Protein chains: 2
Amino acid sequence: LARDLAIDYPVVGLDDDALAAAHLLVERHLPGLVVMDGDWRPMTVLPGSQVVRFLVPGYVQDDPALARVVDEMHADRLCASLSGKRVSDLLPHEAPVLPVVGAGDTALEIAAVMAQAHSPLVAVVSEDGGTGGQLLGVVTASRLLERLLTK
Amino acid sequence: LARDLAIDYPVVGLDDDALAAAHLLVERHLPGLVVMDGDWRPMTVLPGSQVVRFLVPGYVQDDPALARVVDEMHADRLCASLSGKRVSDLLPHEAPVLPVVGAGDTALEIAAVMAQAHSPLVAVVSEDGGTGGQLLGVVTASRLLERLLTK
């Protein structure tokens, strides 16, 4: 069941500091962070590649060949591009919805939800209330495969 | 430089056994595998969610609500759905291209390539020859962020 498959995963809020979120990604060596909405419900994933995208100057994004002629950037300048920004500023305009399942859902239900959403993660919430539940963790594709292929 | 940022990452060939690839994902707890083409050049990433997708029966994909009324599936049946299949059978029809950089490319060049491709990984190949080079490893977004934010 989903509650048994859920693993702890770092989350950030929409209003959290963007630089702190970037450092969290680095410290945990993760491909992304779970983003919680204003009601602290799982909402989307902030991929590390999106943070990288934010750090690349606009003129280099327009013409990647320019990266070759630009000196290695200084960390202070890159940090500056994140300073004062929030997680919501880093999200793409059409951030993919993070699919959510209940604690009692089966592995096949999680698989169906993950397959339909093409999502690398599925959030698991508790079902004890009408307010949407509390985040218990996430199920990764590899964890789900492990369960599906060995039981 | 790219050669210093590259980490070892498991790769599979297009003709490799699909079930073995699924087990590799599980063992390494990775979100995906690098897929090499017929000339053993990095080609795309096989995401774990795509393998999960392959395991979900068609009628459940068409109507995920059915997952609720289906018994937990047996591993032998799921393994059967992968048996005889190859990695190429698991790839989506429009598999995203895995971007490639040379060993001497700078962090900013890698960032520009990752940003443009919206890719979680960038492959690093050696530059000692005209045949496309050998895969030295991959650069992840978190590793690149670490480099960009601390140097």
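Letters A, B, ... are given to chains in the order of the sequence lines, protein chains preceding strands, and every chain is numbered from 1. Below, each value reflects all heavy atoms present in this structure, side chains not excepted, and no hydrogens, waters or symmetry copies. Bear in mind that the values here come from a model prediction, so they are computed numbers and not experimental data.
Considering only heavy-atom pairs separated by less than 4.5 Å from chain B, the leading option among Pro120(A), Ser119(A), Ala115(A) is Ala115(A).
Interatomic distance, Leu1(B) CG to Glu109(B) CD, rounded to the nearest 0.5 Å: 9.0 Å. Leu66(A) contributes atom CG, which lies 7.5 Å from atom OH of Tyr59(A) (distance to the nearest 0.5 angstrom).
Considering only heavy atoms from C-beta on, Ile7(B) comes within 4.5 Å of Val138(B) through its side chain.
When each of Asp15(B), Val51(B), Asp16(B), Leu33(B) is paired with Val87(B), the side chain to side chain contact (heavy atoms under 4.5 Å, CB included) condition holds for Asp16(B) and for no other.
In this structure, no portion of Asp63(A) lies under 4.5 Å from any heavy atom of chain B. No part of Pro47(B) comes within reach of chain A, as not one of its non-hydrogen atoms sits under 4.5 angstrom from that chain. Interface residue Leu25(B): backbone and side-chain heavy atoms are both found under 4.5 Å from chain A.
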